[in-house]
Amino acid sequence: MGPVELLHMSVFSQSFSPCGRFLAAGNGYGEIALFSLSAALSPDSTPLSHKPVLTFTAHEGPVLALVSSESLLFSCGNGEIRVWSWSHLLKKNVKPLWTKRPDYKLGLEIPEINAMILLSKENSLVVGGGDNNLHVLDLETGVFKSVLRGHQDYIHCVCEQEREGQILSGSEDGAVRIWDLRSSQSVHIIEVHKYEACARPQYGKWISCLATDNDWMLCGGGPSLALWHLRSLSPTSVFPLSGCTRHAAFYQDLILAVGEGPLVSHCMLGGDVKAQIPSSSPNLNCLQINSKSSEHRMLTVGGSSDHIDVFTNLSYRAFSLSF
Amino acid sequence: MFTLSYLLPSHILMLFSLYFVVCLICCMYYFLPFSETEKKTTLDQALRCVLGDQIVSICSATTPFLLLGDVLDCLPLDQCDRIFTFVEENVSTWKSNTFYTAGKNYLLRMCNDLLRRLSKSQNTVFCGRIQLFLARLFPLSEKSGLNLQSQFNLENITVFNKNEQESTLGQKHTEEKEEGMDVEEGEMGEDEGPAPCSIPIDYTLYRKFWTLQDYFRNPMQCYDKFSWMTFVKYSDDTLAVFKSFKLDDMQASKKKLEELRASSGEHVYFAKFLTSEKLMDLQLSDSNFRRHILLQYLILFQYLKGQVKFKSSSCVLNDDQSTWIEETTKLVYQLLKEIPPDGDKFATMVEHMLNSEDNWNSWKNEGCPSFVRERSIDEKPKRPTRKRAAPEDFLGKGPDRKIFMGNDELTRLWNLNPDNMEACKSESREFMPSLDEFFTEAIEQADPVNMVEEEYKVVRNPNYGWRALRLLSRISPHFFQPTNQKYKSLADYLDSMVSKLAKELPKDIPSEEIKTGEEDDDDNGDNLLKESNDSPSVQGIQNKLVTNQQMDEMASKLGAQWKTLASQLEMKASELREIEADSEDVEMQAKLLLVAWQDREGAQATVESLAAALNAAGFSHIAEGLTEA
């Protein structure tokens with residue numbers, strides 16, 4: 001990896017291992033790198049311990065989504081889903097377990113898969129991408145059991161509302177659709193750009209991030225990042241963040257949001273921005289919180305650089321892992 | 001144990017008793033269960049007699065200090081506390097003149113001995129009290145209390161875990177447990193309770209942060225190039241963390257403070273930083289901690305930039321360093337202002353204090369001049385004091401320097417001889433008789449020719465004897481000649497003296513002369529007056545009284561200008577008005593003036609005095625005419 005490639009690298013996705021001691025990150029060149037967190041956090045860490053313990057090419061195109069289950073790492077790239085076993089990876093065995101492709105009705109074009117989530121209760125994987133549809137893969141049988149159609153434009157993000165067994169998807173057409181899995185129908189459609197409080201026509205109407213926490217939903221993108229109450233389907237607080245938010249998450253009583261700009265924003269549920277912590281990348285694409293291991297509890301953010309910033313204390317950047 | 005050489009011998013006993021009482025009190029503290037107040041009052045009473053202004057009469061002023069020093073040396077620390085309370089309360093006594101110069105060195109030594117025995121972390125309050133006492137006792141410019149050379153406490157080393165072996169965290173505990181080592185270690189591992197490390201530690205920041213403390217401890221390192229580079233790098237990182245980690249959530253930090261307090265179980269005061277890695281997060285989110293560190297920066301920068309006389313000349317900052325310090329100072333102040341609560345006020349306060357610290361620095365550079373302004377000797381020109389004129393200057397302004405007493409008779413009496421000393425020295429006041437006068441009768445009686453009986457001799461008269469002794473002691477050399485002869489009575493002594501005198505004095509003194517001498521004594525009183533009367537007029541040639549004819553002539557010459565003369569003659573204004581009222585003719589008025597003057601002067605209305613007055617008034621031609629006549 002020459003310096004020019006490193007300069008142009010972007011990190012698009014991250015996922016922590018089930019034991020919590022490793023981080024897998026996918027970049028725009030289709031590579032996945034594995035970082036050892038215990039080595040990076042130990043008292044005698046050297047700059048070498050901030051480098052990946054394993055790097056391998058996963059896909060031809062950029063790795064846009066990574067998801068970990070109990071023992072497997074799912075990654076998606078150009079229209080395909082690949083699966084690795086964590087234990088194999090830790091032994092440096094980079095052979096994927098299987099590769100699957102959803103059934104695209106389009107001809108020549110292979111749409112990218114932008115978002116992927118794992119439904120642990122139904123043991124299914126939901127992917128959404130360039131073909132405007134959500135495909136649900138049953139992990140038991142390995143068959144795509146349903147397709148959720150409805151969006152007019154490609155899907156940016158997908159997330160799950162566990163209690164109700166619903167899936168939310170946000171797409172380029174500016175709508176957030178709430179799907180019911182059993183019926184494979186969209187239960188609600190929220191056209192976020194139509195709400196004046198959060199609409200930002202100068203940025204567009206696309207929804208680039210979604211997150212849910214029981215009755216609450218975060219969505220943002222072209223419109224401002226806003227907190228929605230799902231039962232009433234109305235925005236309760238709008239966050240005054242400049243730029244488009246690319247990833248947001250609920251964490252304890254805070255909302256963490258990253259997007260355009262080098263800052264990680266900490267927001268309160270009431271709508272104020274509590275703090276904005278600078279990071280080393282000019283823009284940030286993804287953030288991940290390692291909740292699986294308390295010893296390695298950290299926040300990692302990656303964006304348009306080859307560095308992944310690690311925050312052990314949420315309020316300042318401790319160090320960076322780099323490709 | 002006690003050297004008593006400083007005591008006056010006559011009061012040793014009193015001091016012994018004092019010492020004994022004090023030793024008794026010390027024993028009392030040890031062994032007897034008296035109550036606090038009882039002990040205190042007895043101590044006060046015993047030692048109160050030590051103080052007071054009478055101390056100098058009992059013993060030297062250093063005794064109380066030696067006493068107190070010895071007492072404090074003998075007692076354990078908890079009882080020293082009570083004795084020291086006594087010392088503290090009487091600080092104003094120790095500062096008084098009787099005690100200060102004698103005792104200040106003893107007090108200083110005593111306090112330093114106490115401080116050496118005490119631990120700064122265990123007996124902080126007591127140490128503080130001793131320091132405060134010393135601060136009150138000595139003036140501000142007392143050199144023993146100053147850190148003259150601006151030295152640093154190089155022993156204040158902040159210890160932190162530099163490598164992983166020292167770290168108590170990590171996976172080693174679990175490994176030891178699994179290996180089944182000694183029961184102790186296993187138990188220790190179990191007793192550790194929750195997971196040895198439950199949060200991730202940022203070791204790089206931890207190490208950088210606590211390394212900075214070494215630079216604060218010894219600022220001279222900053223002048224070394226490599227150390228400076230390290231310092232700059234670490235400081236930049238740390239301050240960047242402070243900058244991004246903004247403290248605005250008071251709730252969170254309050255909760256964490258309470259956790260911290262609960263874990264240490266003590267008051268928040270600390271003497272050293274707690275440097276465990278686990279505390280790093282909590283410390284970073286604590287406003288007080290952050291203020292400490294930022295203040296350390298400011299103090300360091302002030303030292304590096306400041307002019308301290310005792311810094312060696314190689315300790316100079318170059319331009320880069322100075323610019324970096326400037327920028328970082330601005331950043332530090334900005335960070336201070338952002339720290340809640342009341343960040344702005346705190347920052348202005350800090351700035352103000354550091355500015356006043358500059359003043360103290362320049363004071364030390366000048367060699368600590370005293371703050372008591374000494375009154376310089378020849379500063380202001382002395383205000384010319386109006387000396388009251390001596391009486392001689394304003395009395396006796398009249399001619400012949402006569403003093404007017406307001407009443408003619410008084411004036412006459414006073415002016416018989418205005419100078420009292422001269423009057424006393426006149427011969428007529430010489431009352432001591434001469435030997436021959438006094439003893440003539442006795443000599444005559446001693447002559448066996450006259451056959452005067454013993455009991456009728458005048459020497460037997462006790463009054464006469466006493467006067468004789470006095471006279472002899474004043475005049476006669478025989479009085480002082482030592483003699484082995486013992487006299488049974490005064491009369492016998494006088495007999496022998498008289499016989500001696502008789503041999504010396506001329507024998508043919510007629511008895512009439514004695515009588516005339518006695519008569520003369522009676523007349524002496526009157527003679528005194530007459531003689532003094534004569535003395536002033538002896539000097540002048542013209543002592544004649546002014547005659548009426550002369551007065552008429554002068555009156556005609558004076559005419560309307562008699563008023564000028566009147567002021568020279570010292571006539572009263574009332575008299576002048578009378579004269580004016582009496583007649584309208586100026587010649588008449590002049591005549592009346594002269595008559596009044598003559599009446600007043602009486603025997604002293606002489607030509608000379610009038611001539612003098614005329615001359616003084618500017619009528620010298622009239623005066624000449626007067627004297628010619």
Side-chain angles (χ1 to χ4, degrees), chain A residues 16 19-23 35-50 252-254 261-270 272-280 289-301 309-321, chain B residues 160-175 194-210 236-253 255-256 275-287 290 335 338 340:
Chain A
F16 285 101
C19 57
R21 290 185 292 142
F22 293 91
L23 173 69
F35 298 92
S36 165
L37 298 176
S38 25
L41 285 176
S42 79
D44 55 344
S45 64
T46 62
L48 203 59
S49 39
H50 294 168
Q252 293 176 353
D253 52 351
L254 282 180
L263 304 168
V264 177
S265 307
H266 298 202
C267 308
M268 308 289 289
L269 290 172
D272 356 274
V273 177
K274 187 183 127 186
Q276 294 194 295
I277 318 296
S279 75
S280 64
I289 297 167
N290 188 7
S291 42
K292 289 181 192 140
S293 159
S294 63
E295 294 168 7
H296 304 97
R297 195 187 66 219
M298 55 173 69
L299 166 73
T300 52
V301 296
D309 293 328
V310 175
F311 295 73
T312 46
N313 176 331
L314 283 181
S315 300
Y316 70 95
R317 181 185 72 85
F319 58 92
S320 301
L321 305 165
Chain B
F160 61 98
N161 296 331
K162 291 201 179 81
N163 49 14
E164 84 278 19
Q165 272 107 25
E166 292 170 10
S167 166
T168 55
L169 310 167
Q171 298 79 357
K172 294 215 171 140
H173 274 267
T174 46
E175 283 171 28
C197 150
S198 56
I199 43 166
I201 309 286
D202 182 5
Y203 280 98
T204 40
L205 182 69
Y206 170 78
R207 271 182 227 130
K208 285 183 192 171
F209 189 81
W210 291 114
D236 283 339
D237 289 341
T238 310
L239 290 174
V241 170
F242 280 170
K243 204 164 155 201
S244 71
F245 192 155
K246 296 212 194 286
L247 295 175
D248 46 11
D249 190 3
M250 277 316 290
Q251 291 296 327
S253 52
K255 266 188 246 165
K256 284 167 188 167
T275 59
S276 162
E277 308 93 272
K278 291 189 247 187
L279 293 174
M280 190 87 225
D281 273 347
L282 291 173
Q283 284 171 327
L284 283 175
S285 52
D286 180 21
S287 2
R290 212 179 264 206
L335 287 172
E338 287 169 4

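Letters A, B, ... mirror the listed sequences (proteins, then strands); counts begin at 1. Just the heavy atoms: all of them, side chains too, but no hydrogens, waters or symmetry mates, feed the values below.
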Task: Under 4.5 Å from any heavy atom of chain B - which part of A:S293 - done: neither
Open item on the list: Nearest 0.5 angstrom please: A:N313 CG to B:S244 OG, how far?
Closed with: 9.0 Å
TODO: Using a cut-off of 6.0 Å, state whether more than 12 heavy atoms not belonging to A:K292 lie near its atom NZ.
DONE: yes
Task: A:Y316 OH to B:L205 CG distance, which is reported to the nearest 0.5 Å - done: 4.0 Å
- [ ] Over all heavy atoms of both residues, which pair between B:T204 and A:A318 is shortest? Give the atoms and the distance, please.
- [x] OG1-O, 4.4 Å
TODO: Mind checking the OH-CG spacing from B:Y203 to A:L41? Nearest 0.5 Å is all I need.
DONE: 9.5 Å
Task: Whether over 12 other heavy atoms sit under 6.0 Å from A:R21 CZ - done: no
Task: Approximate separation, where rounding is to 0.5 Å, of A:K274 NZ and B:K246 NZ - done: 13.0 Å
